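Structure first, then comments.
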Amino acid sequence: MSASNLPKSKVDSPVPSNSSNNHTSGSEQDPSQKPASKLETPTSANVSFNLDVKKDEKPSSKLCRACTDFKTWMKAQPAITQVEKKPVECPLDKNELGSNTWSFLHTMAAYYPDKPTTQQQQDMHSFINIFAKFYPCDYCAEHLREDLKTNVPDTTSRHNLSQWFCHTHNRVNLLLGKPQFDCSKVDERWKDGWKDGSCD
């Protein structure tokens with residue numbers, strides 16, 4: 001029997017059963033399939049975008065760096081050392097006071113006149129003696145006053161005053177067990193900067 005003589009129901013057709021060439025009655029169609037004209041179009045009302053964290057999930061501890069303020073982000077980084085806060089400015093202790101004072105005295109000597117007038121020499125001499133009376137560290141000031149009895153300040157020139165302060169400082173360093181400074185380099189240290197250009 002040829003295919004043309006077979007009943008249409010027994011002919012293998014390449015056309016899907018829901019095509020327009022399918023003459024099956026609507027009662028025999030697959031109930032899961034709806035006519036094209038009745039297909040529902042997705043709208044914003046029935047499309048759900050699940051952007052919220054599910055109830056049974058915990059929020060991720062990894063925050064978005066670009067969308068989180070710095071303080072909040074840092075708190076969420078346990079492996080990162082917290083930013084060190086700027087230390088509170090407190091009264092100077094003995095070491096801080098000594099270091100800052102020597103910096104001032106050496107710098108003052110570095111800018112002392114090369115050829116000071118008689119009055120300038122006398123003023124500098126008076127300043128050093130008055131300084132030794134009012135220096136905040138009592139026993140430090142007492143030691144300086146004793147030293148001044150045998151080591152009179154040389155205020156005759158910038159070079160001589162700079163050398164006097166350097167040798168006086170070295171005597172203090174010797175008592176404290178600190179290294180001696182090369183007094184030939186006072187101008188590099190306190191006025192001109194090191195010759196290697198590291199201060200430029």
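Just so it is clear, the model here is predicted, and its values are computed rather than measured.
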**Cluster overlap Leu161 with Leu144, hydrophobic side-chain contacts below 4.5 Å** = yes
**Request:** With sequence neighbours excluded, tell me which residues meet salt bridge (charged side-chain N to carboxylate O under 4.0 Å, His left out) with Arg145.
**Result:** none
**Message:** I need the full list of salt bridge (charged side-chain N to carboxylate O under 4.0 Å, His left out) pairs touching residues 188-200, with sequence neighbours left out, sorted by first then second residue.
**Reply:** none
**Request:** Any chance you could measure Gln121, atom CD, to Thr155, atom OG1, to the nearest 0.5 Å?
**Result:** 4.5 Å
**Prompt:** Distance from Thr168 atom OG1 to Asn173 atom CG, nearest 0.5 Å?
**Reply:** 11.0 Å
**Asked** With clusters built from Ile, Leu, Val, Met, Phe, Trp and Tyr whose side-chain heavy atoms come within less than 4.5 Å, directly or transitively, what are the remaining members of the cluster of Leu175, listed by chain and number?
**Response** none
**Asked** Remaining members of Phe134's ILVMFWY cluster at a side-chain heavy-atom cut-off under 4.5 Å?
**Response** Ile130
**Item:** Shortest non-hydrogen contact from Leu174 toward Gln180
**Value:** N-NE2, 3.5 Å
**Request:** Say whether Trp164 and Tyr135 are linked into one hydrophobic cluster, either directly or through other cluster members, by side-chain heavy-atom distances under 4.5 angstrom.
**Result:** yes
**Message:** Holding to salt bridge (charged side-chain N to carboxylate O under 4.0 Å, His left out), I want the full list of residues that pass it with Asp147, two or more places apart in sequence or in another chain.
**Reply:** Arg171
**Prompt:** Residues in salt bridge (charged side-chain N to carboxylate O under 4.0 Å, His left out) with Glu146, at least two apart?
**Reply:** Lys149
**Asked** To the nearest 0.5 Å, how far apart are CD1 in Ile128 and CG in Asp123?
**Response** 11.5 Å
**Item:** Minimum heavy-atom distance between Asn160 and Thr156, given as atom pair plus value
**Value:** ND2-OG1, 2.8 Å
**Request:** Not counting sequence neighbours, list each pair that qualifies as a salt bridge (charged side-chain N to carboxylate O under 4.0 Å, His left out) and has a residue in residues 94-111.
**Result:** none
**Prompt:** Got a sec, which residues hit salt bridge (charged side-chain N to carboxylate O under 4.0 Å, His left out) with Asp114, two or more places apart in sequence or on another chain?
**Reply:** Arg158
**Message:** Run the ring pair (Phe, Tyr, Trp, His ring centres under 6.0 Å) test against Tyr112 and tell me which residues pass, sequence neighbours left out.
**Reply:** none
**Message:** Hydrophobic clustering (ILVMFWY, side-chain heavy atoms < 4.5 Å, transitive) - are Phe165 and Phe104 grouped together?
**Reply:** yes
**Message:** Membership question, hydrophobic clusters at under 4.5 Å side-chain separation (ILVMFWY): are Met108 and Phe181 in the same one?
**Reply:** no
**Item:** Nearest-0.5 Å distance that lies between atom CG in Asp154 and atom OG in Ser162
**Value:** 10.5 Å
**Same apolar cluster (I L V M F W Y, side chains within < 4.5 Å links), Phe131/Trp190** = no
**Prompt:** Does Trp102 have any ring pair (Phe, Tyr, Trp, His ring centres under 6.0 Å) partners at least two apart in sequence or in another chain, and if so, which?
**Reply:** His106, His169
**Prompt:** Residues two or more places apart in sequence or in another chain: which of them pass side-chain contact (heavy atoms from CB on, under 4.5 Å) with Thr118?
**Reply:** Gln122
**Request:** Could you list all the disulfide (SG to SG under 2.5 Å) pairs where at least one residue sits in residues 140-170, not counting sequence neighbours?
**Result:** Cys137-Cys140, Cys166-Cys183
